[in-house]
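Let me begin by presenting the structure, written as structure tokens, before commenting on it.
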Amino acid sequence: MDISHILNHLGEVREDYHGAVAPPLVQSSIFAFASVEAMRGGFADEYAQHLYTRGNNPTTRMLRQKVAALEGSEDCLAFASGAAAIAAGVLTCVSGGSHVVCVAKPYSWTRSLLRDLLARFGVAASFVDARNTDNIEQALRPETSLIVLESPNTMTFEQQDLAAVAALARAKGIRTLCDNSFATPLNQSPIAMGIDLVAHSATKYLNGHSDVVAGMLCGSQALLREVFKGPYMTLGAILSPHDAWLMMRGMRTLEIRMQRVAESTAKVLAFLESHPRIRAVHHPHAEGYAQRELSQRQLRGASGLLSIDLDVGSVSAVEHFCNALKRFLMTVSWGGYESLMFPVCAVFPRDAALRPAGGLPLSLVRLSIGLEDADLLIADLAQALAGMGE
Ligand SMILES: *Cc1c(COP(=O)(O)O)cnc(C)c1O
């Protein structure tokens with residue numbers, strides 16, 4: 001895979017637009033036809049023809065071609081958000097009475113979709129510890145039509161053996177969807193391992209500049225045509241051409257951003273792992289990570305999202321630590337050019353007793369390593385750890 005060619009040239013037919021180097025932003029909702037015959041052709045295959053931008057747009061199509069090539073899939077559809085891409089994929093694979101098996105700790109809105117929204121329409125879901133493929137197999141029912149994976153997830157970095165789950169599902173005629181946002185297509189290729197649909201929150205590394213919310217869904221053309229006729233066209237949660245254009249601009253630097261992030265993350269991990277006030281570091285390449293063998297098999301490289309479990313006796317020490325960090329912005333999301341932190345304790349009432357059972361420890365803080373100088377980030381972490389108290 002020639003990543004640099006895909007990011008910088010694939011799908012860009014410059015002679016079609018006067019040799020312009022930057023791709024055109026086709027900010028048009030509709031496309032006109034020269035004859036009834038031509039218009040009939042447009043209606044005959046809206047998936048492939050330019051008729052209406054809710055279906056197809058030339059700027060968005062360039063982006064779709066690039067992401068499909070990176071993911072090694074036949075095609076890709078672009079959505080208004082990662083959540084919309086996941087929902088469209090799931091809705092295509094279920095109907096009333098279906099059952100879905102999902103990883104135990106998926107992205108929170110994936111969990112809501114399966115547990116709350118779809119339950120209202122007669123779709124049942126089981127959440128299982130999918131680090132062990134046997135647990136998935138045991139949860140399968142005759143009416144199971146989909147397995148939803150997220151490898152790794154983005155708080156505790158649990159992985160699934162994608163090739164094994166895909167083989168199990170294919171043998172039983174069950175479809176699989178994997179959220180690949182953490183790894184990016186550069187570091188993991190679920191399609192090549194037999195997964196049917198790959199979803200991305202392109203808001204994260206793909207765009208990489210914290211200025212667009214977008215989602216991608218990759219798969220075979222036959223399956224994406226089902227998605228297109230179903231939730232894509234009927235729910236209409238499409239990416240605007242303008243955001244598609246911004247995404248292509250953001251993706252020009254995907255490869256070098258990921259290289260820089262990987263180098264910095266390795267340094268930050270080494271610092272955090274040797275620090276006495278950190279109980280555990282969660283990341284697929286961390287020393288104490290339980291699934292290191294799977295990381296080596298499945299992930300080509302690492303991204304810069306990790307979480308640390310602080311060795312503290314109070315929530316106020318966690319608050320001191322986070323409030324003291326100067327080079328990490330305190331916010332949700334991740335994968336941008338800037339370093340971020342997300343304290344789990346900010347989501348819950350301060351009284352730990354009020355916390356939902358089975359949740360994450362309040363001593364957990366997630367970090368997203370950006371493009372800043374790694375030594376400066378480490379110095380910042382060191383001063384915040386030194387002053388956090390007990
Ligand atoms: C952010 C995120 C999503 C949702 O993506 P949006 O673009 O915010 O809708 C889905 N999966 C994972 C793993 C995420 O981190």
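This structure is a prediction, so every number in the text was calculated from the model and none was measured. For ligands, and for the atoms within them, numbers begin at 1 and follow the listed sequence.
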task: Give the residue and atom name of whichever protein heavy atom lies nearest to atom 4 (C) of ligand 1, and the separation in Å to one decimal.
output: Y107 CE2, 3.3 Å

message: Tell me the protein heavy atom at minimum distance from atom 11 (N) of ligand 1, and give that distance in Å.
response: D179 OD2, 2.6 Å

query: Do S307 and D309 have side-chain atoms, one donor and one acceptor, less than 3.5 Å apart?
result: no

Heteroatom proximity flag, G82 to ligand 1, N/O under 3.5 Å: yes

query: Side chain, backbone, both or neither: which part of A214 has a heavy atom under 4.0 Å from ligand 1?
result: backbone

field: Part of T110 within contact of ligand 1 (heavy atoms, under 4.0 Å)
entry: neither

message: For atom 5 (O) of ligand 1, what is the closest protein heavy atom, and at what distance to 0.1 Å?
response: S201 OG, 2.9 Å

query: Given that the side chain starts at C-beta and the backbone is N, CA, C, O, which of these parts of W109 lies under 4.0 Å from ligand 1, counting heavy atoms, or is it both or neither?
result: neither

message: Does the residue F182 have a heavy-atom contact with ligand 1, meaning some pair of atoms that are separated by less than 4.0 Å?
response: no

- prompt: Can you tell which of M155, H200, K204 gets a heavy atom nearest to atom 15 (O) of ligand 1?
  reply: K204

- prompt: Does S368 use its side chain to pair, donor to acceptor, with the backbone of G335 at less than 3.5 Å?
  reply: yes

- line: For T154, the atoms of ligand 1 under 4.0 Å from one of its heavy atoms are 13 (C)

Reference residue S81; test side chain to side chain contact (heavy atoms under 4.5 Å, CB included); the match among L239, V213, I86: V213

message: Please check if the number of heavy atoms outside H50 that lie under 6.0 Å from its NE2 is greater than 12.
response: yes

query: For atom 7 (O) of ligand 1, what's the nearest protein heavy atom and its distance?
result: T203 OG1, 2.6 Å

query: With a cut-off of 4.0 Å, which atoms of ligand 1 are near a heavy atom of W334?
result: 15 (O)

- request: State, to 0.1 Å, how close E12 and M62 come at their nearest heavy-atom pair, and which atoms those are.
  value: CG-SD, 4.0 Å

- request: Apply the test salt bridge (charged side-chain N to carboxylate O under 4.0 Å, His left out) to residues R277 and E390: give CA-CA distance (whole Å), side-chain angles for both, the deciding distance (0.1 Å), then the verdict.
  value: CA-CA 10 Å; R277 296 301 306 278; E390 300 299 314; 3.8 Å; yes

- prompt: Is a side-chain donor or acceptor of R292 paired with a backbone partner of A286 at a separation under 3.5 angstrom?
  reply: yes

query: Which of the atoms of ligand 1 are close to I86, meaning less than 4.0 Å from one of its heavy atoms?
result: 10 (C)

query: At what distance is the nearest protein heavy atom to atom 9 (O) of ligand 1, and which residue and atom is it?
result: A83 N, 2.8 Å

statement: When F342, F328, Y205 are each screened for ring-ring contact (aromatic ring centres under 6.0 Å, His included) with W334, the one that passes is Y205

query: Just checking, R131 and Y289: is the charged tip under 6.0 Å from the six-membered ring centre and within 45° of the axis?
result: no

